[in-house]
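The structure appears below as structure tokens.
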Number of protein chains: 2
Amino acid sequence: MEPGDSTKQARAATQLRKGVLEYCVLALMRDRPRYGVELLHALEDSGALATSQGTVYPLLSRLRRDDLVTTTWQESTSGPPRRYYALTDSGRAALDEFTRVWPGFRNAVDTFLTTPHPSTGDLA
Amino acid sequence: MEPGDSTKQARAATQLRKGVLEYCVLALMRDRPRYGVELLHALEDSGALATSQGTVYPLLSRLRRDDLVTTTWQESTSGPPRRYYALTDSGRAALDEFTRVWPGFRNAVDTFLTTPHPSTGDLA
DNA sequence: ACCTGGTTCCATGCGATGCAAGATACCTGG
DNA sequence: CCAGGTATCTTGCATCGCATGGAACCAGGT
């Protein structure tokens, strides 16, 4: 990528991902266990949340450390064995919690960005 | 605070704010200069983005350091003088940049949270 | 048997950010 | 003079995303 044009945009997008990536990964595991590279590709396909292995694997380690996911090894027909990550009850609860919080947060940001903040009309 | 019930929610909300707070503050200055406590109250009123002075003032220092805002002192009729923050051209450009990036990000998260990820229908 | 390439996993060190807690200064009123 | 509200700022900590590098397994060609 060329440095210079996308710097500000990359910076904004980078900071945006903080804290959201965790729950998007949990959401991907909602209906089926997933393995690392699979999650990575799903995030890439989304465009706005594309990231790297150096981000995903430490994240998965944290999720496992906090008992939000459990892992099982599974053989692959084309390559080394894969570690599949599945939601625990705590993980599902955390995802539900986030699903409740997210709309309020999203709407708050939308309001700040789209609502004019008139200098007139204030009661002073 | 009790570390147990509201921890997860507070944690999710805390991480969500990362990187977004900066641009919401810039958005608040879009139509009028603002001073610290004023910004703080506006964020409080939004609910989802409520934060503390210990977050806002270092943030404002960074914005000033990066030439995204300029500041002017102004007397107050009821208390110490206020430092008003106003957008520079760079600040306005950064805000516009974020305004362009935000919808894609927001929609991506919405998609992850609401789209079912079927375990069937895969070609395997 | 060797070696190249693709797939999959993981660890380390850095920079950036939000936050709790504390410190400082100004003004008004008793 | 002292108390309380307003307003600003600093310090130290914890967390998170990311670039970089390393390791292991399998298939195919020479």
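Both backbone and side-chain heavy atoms feed into the values below; hydrogens, waters and symmetry mates do not. Chain identifiers are assigned alphabetically (A, B, ...) following the order of the sequence lines, protein sequences preceding nucleic acid strands; residue numbering begins at 1 within each chain.
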Over how many whole Å does the gap from [X] atom [atom1] to [N] atom [atom2] extend?
X       : N      : atom1 : atom2 : value
A:Gln74 : C:dC9  : CD    : C1'   : 15 Å
B:Leu63 : C:dT17 : CG    : P     : 9 Å
B:Arg83 : D:dA7  : CZ    : C1'   : 11 Å
B:Leu26 : C:dT17 : CG    : C1'   : 15 Å
B:Leu16 : C:dT17 : CG    : C1'   : 14 Å
B:Leu59 : C:dA20 : CG    : P     : 15 Å
A:Arg65 : D:dA14 : CZ    : P     : 13 Å
B:Tyr35 : D:dC9  : OH    : P     : 13 Å

Between [options], which nucleotide gets closest to the side-chain atoms of [X]?
X       : options               : answer
A:Gln15 : C:dA16, D:dA24, C:dC9 : C:dA16
A:Ser52 : C:dA11, D:dA7, D:dC18 : D:dC18
A:Tyr85 : C:dC10, D:dA24, D:dT8 : C:dC10
B:Lys18 : C:dC10, D:dT8, D:dT15 : D:dT15
B:Tyr57 : D:dT8, C:dT8, C:dG18  : D:dT8

Short question: side chain of A:Glu38, backbone of A:Tyr35 - any donor-acceptor pair under 3.5 Å? yes
Donor-acceptor under 3.5 Å (A:Arg64 side chain, A:Thr71 main chain): no
If you compare all heavy atoms of B:Ala108 against all heavy atoms of A:Ala48, which two are closest, and at what distance to 0.1 Å?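 Nearest pair, atom of B:Ala108 first, then A:Ala48: CB-CB, 4.0 Å.
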Minimum heavy-atom separation for A:Arg30 to B:Phe112, with atom names?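 Between these two residues, the closest heavy atoms are NH2-O, 3.8 Å.
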Any side-chain N or O of [X] less than 4.0 Å from the OP1 or OP2 oxygen of [N]?
X       : N      : result
A:Arg62 : D:dT15 : no
A:Thr51 : D:dG17 : no
A:Arg17 : D:dG17 : no
B:Thr55 : C:dG18 : no

With DNA chain D as reference, determine whether A:Pro81 or A:Gly19 sits nearer its 5' end, using the nearest nucleotide of each. A:Gly19
Whether over 12 other heavy atoms sit under 6.0 Å from B:Asp89 CG: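 No, not enclosed.
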If you look at every strand shown and take non-hydrogen atoms under 4.0 Å, does [X] touch a base, only sugar-phosphate, or nothing?
X       : value
B:Leu21 : sugar-phosphate
B:Tyr84 : nothing
B:Gly54 : base

Looking at the base of D:dC16, is there any donor atom on it, or on the side chain of A:Glu22, that sits under 3.5 Å from an acceptor on the other one?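 When only heavy-atom distances are counted, A:Glu22 does not reach the base of D:dC16 through any donor-acceptor pair under 3.5 Å.
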By nearest-nucleotide position on DNA chain C, the 5'-leaning member of A:Pro58 and B:Ala50 is A:Pro58
Does a side-chain heavy-atom distance below 4.5 Å link A:Phe98 with A:Leu26? no
